[in-house]
Amino acid sequence: MRITVCCTDTKVGPWIEALQSLLPEARIEQWRPGAPQADHAVVWSPPQQFLDEQPRLKGIFNIGAGVDALLKLRLPPDPVVVRLDDAGMSVQMAEFVCHAVIRHFREFDAYAREGGTGNWGLRRPRLRSEFPVGVLGLGVLGQRVAQAVAGFEFPVLGWSRGGKEVPGVRCYAGEAELSAFLAATRVLVCLLPLTPETGNILNRESLSRLQSGGYLINVARGGHLVDEDLLALLDSGHLAGAALDVFRTEPLPADHPFWRHPKIVVTPHVSARTLRDESAAQIARKIRAMQAGQPIAGVVDRQRGY
Ligand code: NDP
Ligand code: OXD
């Protein structure tokens, strides 16, 4: 079995080592133009040339949960596209979002500013019942996040396409219930995949529907957010702030207004990192299962885009 590895912005050597130790029988190599046809590919944002030169792959394994960059390319029709299925990301995402929610709710930034001036100033406790947290997307990451936030006794709501039942989470489904979900939300967390249906979903209209003093946490993709609409709603006072981990252009350009906005916290796409060992182990298990003709989890529906 031949496996080719083609990853932009990622060191390929350690991935090849990790996969090779798990699949000693396979021939695993970094892709180069003109390389022989492989059985499976392990990829992150590969160039179009790679896909054009590898038309007979059985599986394309994406080393991330989001496949938006991959599905933008012209893919051969046959290979099964597989995304990472948690692989250590959901606990990181839960930690990141809980931190962002609590930092905002408990006003830790204000305490940090006042502490810096030697001021022993108590702020009035806020009621968590007045900070309902709504999670857009109740998949592998969204469900874990929603339940983690519910563990801190915030009211939690969730929105998905087909409808879900998640203990402790009030669930809404589909276009028809989006307005009601937003109207009942004060802190909005985006954990949707980026697809033609969800692009620009965080816009003036949707964000205006949030309860007054709303707060946005975008940990999905920059393409979900209309940047100017967020800035306008922060400046008008309808929104109290935002924690943004993902951006339309990454790295976020030095002159982007998000960097310096006093109500925005920027992090450089770190809310849930791909963990190499756990991810390689998951991919190796799935390659073995596919070779044995067994079903695997995390297969992408190309039509839906996730
Ligand atoms: P999943 O595919 O497991 O879940 C996606 C969820 O979104 C599902 O609940 C799905 O609904 C819902 N959804 C999709 N389209 C729609 C729609 N049109 N309307 C309503 N709901 C919709 O994805 P993951 O939880 O694994 O990951 C989510 C995203 O997080 C990734 O695609 C990626 O972009 C981002 N991500 C960001 C990281 C970071 O470091 N910032 C790290 C990892 C991922 P249904 O259940 O009904 O299908
Ligand atoms: C992912 C990411 O999609 O890291 O896994 O953004």
Side-chain angles (χ1 to χ4, degrees), residues 7-10 42-45 61-72 81-97 99-100 134-148 157-166 169 171-182 185 188-202 206 216-225 243-248 250-252 265-276 278-280 282-283 297-306:
C7 301
T8 309
D9 297 333
T10 304
V42 175
V43 304
W44 181 252
S45 279
F61 293 83
N62 189 55
I63 59 167
V67 288
D68 44 294
L70 183 60
L71 296 190
K72 266 196 244 149
V81 176
V82 187
R83 39 66 61 92
L84 281 184
D85 195 5
D86 194 336
M89 280 191 280
S90 72
V91 64
Q92 297 178 67
M93 200 53 104
E95 177 179 273
F96 186 98
V97 172
H99 174 267
V135 182
L136 288 167
L138 287 174
V140 174
L141 303 182
Q143 284 196 36
R144 176 79 182 248
V145 163
Q147 289 188 290
L157 307 81
W159 184 69
S160 65
R161 189 150 114 143
K164 284 265 161 21
E165 279 186 26
V166 185
V169 179
C171 293
Y172 295 72
E175 264 318 297
E177 295 186 8
L178 180 58
S179 287
F181 163 85
L182 293 169
T185 292
L188 182 67
V189 180
C190 182
L191 267 168
L192 290 165
L194 183 61
T195 69
E197 285 177 13
T198 65
N200 297 330
I201 192 168
L202 305 171
S206 61
L216 173 67
I217 301 172
N218 188 16
V219 279
R221 286 291 183 264
H224 288 121
L225 175 64
L244 305 177
D245 185 53
V246 287
F247 306 92
R248 282 181 186 264
E250 295 183 0
L252 183 63
V265 178
V266 167
T267 48
H269 201 141
V270 289
S271 48
R273 310 289 303 276
T274 292
L275 303 178
R276 192 170 48 235
E278 288 180 66
S279 306
Q282 183 177 107
I283 291 169
V299 171
V300 170
D301 178 333
R302 292 197 200 185
Q303 220 55 43
R304 286 189 323 187
Y306 68 100

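Counting convention: from 1, in listed order, for ligands and their atoms alike.
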Which atom pair, heavy atoms only, marks the closest approach of [X] to [Y]?
{"X": "Arg273", "Y": "His269", "value": "CD-O, 4.3 Å"}
{"X": "Tyr172", "Y": "Glu177", "value": "CA-OE1, 3.3 Å"}
{"X": "Ser90", "Y": "Val140", "value": "CB-O, 4.1 Å"}
{"X": "Gly64", "Y": "Met89", "value": "C-CE, 4.5 Å"}
{"X": "Ala146", "Y": "Val169", "value": "CB-CG2, 3.8 Å"}
{"X": "Ser206", "Y": "Ile201", "value": "OG-O, 2.6 Å"}

Enumerated ligand 2 atoms positioned under 4.0 Å from heavy atoms of [X]:
{"X": "Ala65", "answer": "1 (C), 3 (O), 5 (O)"}
{"X": "Met89", "answer": "5 (O)"}
{"X": "Arg221", "answer": "1 (C), 2 (C), 3 (O), 6 (O)"}
{"X": "Gly64", "answer": "1 (C), 5 (O)"}

Problem set entry | Contact check, side chains of Trp44 and Asn62, non-hydrogen atoms, under 4.5 Å | yes
Exercise. Can you list, by chain and residue number, every protein residue with a non-hydrogen atom closer than 4.0 Å to ligand 1?
Worked result: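 The 4.0 Å shell around ligand 1 contains Ala65, Gly66, Arg83, Met89, Met93, Gly137, Leu138, Gly139, Val140, Leu141, Gly142, Trp159, Ser160, Arg161, Gly162, Lys164, Leu191, Leu192, Pro193, Glu197, Thr198, Val219, Ala220, Arg221, Asp245, Val246, His269, Ser271, Ala272, Arg304, Tyr306.
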Exercise. Distance from Thr195 atom OG1 to Arg221 atom CZ, nearest 0.5 Å?
Worked result: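 So the gap between those two atoms works out to 12.0 Å.
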Exercise. Among all residues two or more places apart in sequence or in another chain, which pass the salt bridge (Lys or Arg N to Asp or Glu O under 4.0 Å) test with Asp86?
Worked result: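 Asp86: no salt bridge (Lys or Arg N to Asp or Glu O under 4.0 Å) contacts found.
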Exercise. Is there a nitrogen or oxygen of Gly66 sitting under 3.5 Å from a nitrogen or oxygen of ligand 2?
Worked result: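 Yes, since at least one N or O of Gly66 sits under 3.5 Å from an N or O of ligand 2.
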Seminar exercise, completed: Short version for His269: what comes under 4.0 Å of ligand 2, heavy atoms counted, is side chain
